[in-house]
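Below is one structure, written out as structure tokens; the observations come after it.
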Protein chains: 2
Amino acid sequence: MASDDPPVPVFPKPVTLRDVAARAGVSVATASKALNDQGRMTAETRERIRETARSLGFRPNSLAQSLLRRRSFTVGLLTNDTYGRFSLPLMSGISDALVDAGVSVFLCNVEEDPRLGQLHVEAMLDKRVDGIIATGKRIDRHLPVDLANLRVPVIYAFTQPDPDAVAFVSDDGDGARLAIEHFCRLGRKRIAHVSGPASFAVVHERAQAYRAVLTENGLPVIEPLLGSWSEAWGHEAVARLFDGGGKKPDAVFCGNDQIARGVIDALRERGLGVPNDVGVIGFDNWEIVAEATRPPLTSVDMNLAGLGREAGLTLLSLFGGKPATPGIRKLPCRLVVRQSCGRLPDGEKDG
Amino acid sequence: MASDDPPVPVFPKPVTLRDVAARAGVSVATASKALNDQGRMTAETRERIRETARSLGFRPNSLAQSLLRRRSFTVGLLTNDTYGRFSLPLMSGISDALVDAGVSVFLCNVEEDPRLGQLHVEAMLDKRVDGIIATGKRIDRHLPVDLANLRVPVIYAFTQPDPDAVAFVSDDGDGARLAIEHFCRLGRKRIAHVSGPASFAVVHERAQAYRAVLTENGLPVIEPLLGSWSEAWGHEAVARLFDGGGKKPDAVFCGNDQIARGVIDALRERGLGVPNDVGVIGFDNWEIVAEATRPPLTSVDMNLAGLGREAGLTLLSLFGGKPATPGIRKLPCRLVVRQSCGRLPDGEKDG
DNA sequence: CTTAGTTGGGAAAAGGTTTTCCCTTACCGG
DNA sequence: CCGGTAAGGGAAAACCTTTTCCCAACTAAG
């Protein structure tokens with residue numbers, strides 16, 4: 001029997017500072033100081049210890065370091081975004097900001113389950129994370145966890161923050177403004193807006209910017225069509241906008257890329273060309289969708305990675321002792337121009 | 001000026017075992033034993049200590065515990081799947097398997113950058129992770145990191161493993177078999193297969209299963225059409241299959257959901273009804289796509305969460321000292337039936 | 001030759017928990 | 001009243017690193 005068992009791999013005992021010190025013939029104190037550029041000793045001793053450490057493959061045990069410094073160099077990222085559509089780009093930004101400081105990220109998906117949330121938050125606190133970042137899949141809903149009065153700083157990114165917390169969200173009004181102004185520059189005159197359910201705060205924020213920019217430009221405001229975030233709604237919205245009598249829009253600003261996809265398809269079914277007859281702009285810049293539409297979709301990018309970076313950097317400066325002003329900071333969007341809007345007369349790219 | 005500065009939040013000092021012991025009037029040793037159900041003492045003493053700990057909100061410092069036990073109760077998850085399309089469902093499964101054991105997960109996205117990979121692996125090892133799980137976005141490519149001869153066990157899930165490693169992947173042949181057998185049960189006679197690039201191993205694995213099942217059922221094999229993973233390729237494949245002369249297929253098995261989406265749209269453009277004229281099955285069961293097609297797409301699900309669960313459980317048993325047999329374990333897929341294949345004559349649901 | 005100062009390096013405590021041993025007290029039988 | 005045993009609890013080491021002090025030896029100045 002025993003011979004059938006797979007060989008149990010034996011992992012080498014990690015080499016400790018004590019090993020290095022013994023091998024170099026010094027005390028652990030001296031060894032520590034040599035490796036950390038502290039204390040006084042001959043350059044020769046220092047170099048000898050370093051060389052010993054290198055040859056032994058010594059890596060300091062960060063658990064011991066953390067215990068002493070009362071900092072674990074870890075942070076927790078809490079999300080309820082199962083598919084990672086929003087949280088992974090965010091995570092990339094966070095990680096990018098933190099990796100150079102030697103900080104690692106625990107990722108926890110709490111779904112919509114308060115018990116699971118509680119469990120993960122406690123696990124994080126037990127692991128002595130230095131801070132927590134909360135994120136989600138929409139800006140106007142809380143995660144199903146209570147993050148008030150924790151023993152560590154909490155930062156919110158792309159989710160509804162607690163009052164008096166530090167938070168970063170995308171500036172959806174800015175995003176809408178970018179889109180509509182783009183249409184205006186291209187000379188579009190009748191610009192419609194097809195968006196998601198009225199229950200989403202961003203729907204109103206974008207609609208408001210939509211109205212404002214049109215008014216500023218002396219263009220007619222078509223009352224925004226609110227529905228769902230789906231392709232199917234894009235189809236239906238086109239039916240409402242184009243199948244009745246009256247003047248037809250020559251541009252549609254959509255609440256997300258899936259709606260835009262539906263809009264583009266529905267326009268084609270009606271024999272309307274994109275971008276020639278109608279320009280279309282989406283929101284989210286979900287590449288997998290935006291690059292699959294025909295033509296590829298110009299879309300508003302919320303710069304989630306940038307949001308993550310800011311959140312990470314803020315946490316770092318908090319660790320460094322600099323206090324951060326509470327409040328919600330809105331970060332600008334950017335427009336990713338593809339081919340669904342047509343070109344400027346002067347031949348600017350896409351335009 | 002100082003009055004303009006935001007208030008720097010002061011976090012309460014964590015309560016230690018020493019605090020509990022002092023408050024309960026016992027030694028730290030006794031306190032520890034009381035809380036861990038160890039040692040001998042009167043039930044009364046034990047309960048008093050516990051009550052004290054509760055009232056003080058004591059949570060053991062897991063850094064100190066880890067240092068002593070030489071186990072950090074953390075694992076690292078390495079991925080190069082930027083958008084989390086595959087790694088987040090996997091992560092959910094892993095987390096699910098580990099959370100009850102008190103194990104948390106560091107997530108690291110290494111993109112395709114070997115330097116970044118090296119950096120993150122070293123950070124994980126320094127943090128004393130108990131194990132590492134490697135995952136990716138395709139089964140036949142290595143991550144850009146060297147995971148051989150690490151000081152901790154490594155498990156591969158949904159990525160190309162090193163030789164002699166423990167690995168879990170989806171059984172793509174099984175997935176293809178499920179799809180084709182489903183078509184056969186529904187009485188489809190001419191079943192085509194539209195797949196991705198020949199450079200992907202799974203493309204051949206699925207094609208082989210496709211041929212095998214057709215042969216078993218005495219049905220004609222149409223040479224699989226290999227192209228790209230895109231919607232556009234779905235359109236083109238339909239053109240090739242349906243625009244020439246000869247017999248037309250009555251079913252198409254697609255290599256992913258995006259191809260299937262293209263196929264369904266292209267069929268509709270030709271006036272062919274899905275599922276009545278042609279049945280369509282996709283692969284990946286990416287809900288956001290599969291539920292947006294008209295009609296909703298029947299698709300093969302690779303059960304990534306299950307894969308993650310297995311990987312997590314294996315790691316746990318490894319921690320428990322039970323060796324795991326090296327080798328690649330293929331986990332079965334399952335077919336998620338929606339409305340793109342039609343119903344059985346006897347009225348079974350959809351398919 | 002003494003004294004002050006400098007240089008190179010070590011001892012020990014700290015961080016918070018677990019665990020192994022050991023000690024004290026109480027109790028029981030004789 | 002004495003010896004033995006078990007029960008209840010504590011002291012201390014261990015995990016690994018960092019940092020503060022301290023000591024010994026040497027140099028230079030007086």
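Since this is a predicted model, take the numbers as computed values, not measurements. Letters go in sequence order (proteins before strands), and every chain restarts at 1.
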Within 6.0 Å of CZ in B:Arg54, more than 12 heavy atoms from elsewhere: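 Buried by this count: over 12 neighbours within 6.0 Å.
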Side chain to side chain, B:Phe86 and B:Thr135, heavy atoms closer than 4.5 Å: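 Heavy-atom side-chain distance check fails, nothing below 4.5 Å.
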Donor on one side chain, acceptor on other, B:Ser32 and B:Gln38, under 3.5 Å: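 No.
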Basic-acidic side-chain contact under 4.0 Å: B:Arg48, B:Glu51: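 No salt bridge links B:Arg48 with B:Glu51.
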salt_bridge(B:Lys137, B:Glu112) N-O dist < 4.0 Å: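 Yes, this pair counts.
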A:Arg46 CZ - C:dG9 C1' separation (whole Å):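 So the two atoms are 11 Å apart, to the nearest Å.
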Distance, rounded to the nearest Å, where B:Lys127 contributes NZ and D:dC16 contributes P: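 The answer, rounded to whole Å, is 18 Å.
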Derivation of the side chain to side chain contact (heavy atoms under 4.5 Å, CB included) call for B:Asp37 and B:Arg50: CA-CA 10 Å; B:Asp37 253 330; B:Arg50 292 203 164 149; 3.4 Å; yes
Audit row: A:Arg151, A:Leu125, side chain to side chain contact (heavy atoms under 4.5 Å, CB included) steps and yes/no: CA-CA 8 Å; A:Arg151 313 190 300 253; A:Leu125 293 178; 3.8 Å; yes
Letter per nucleotide, 5' to 3', of nucleotides 13-19 of chain C [B base touched, S only sugar-phosphate touched, - untouched; heavy atoms, 4.0 Å]: -BBBBBB
Using the 3.5 Å cut-off, write out each protein N or O paired with an N or O of nucleotides 4-8 of chain C and the distance between them.
residue: C:dG8; atom: N7; partner: A:Arg40; partner atom: NH2; Å: 3.4
residue: C:dG8; atom: O6; partner: A:Arg40; partner atom: NH2; Å: 3.2

Ring centroid separation A:Phe106 to B:Phe106 under 6.0 Å: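 Yes, ring centres under 6.0 Å apart.
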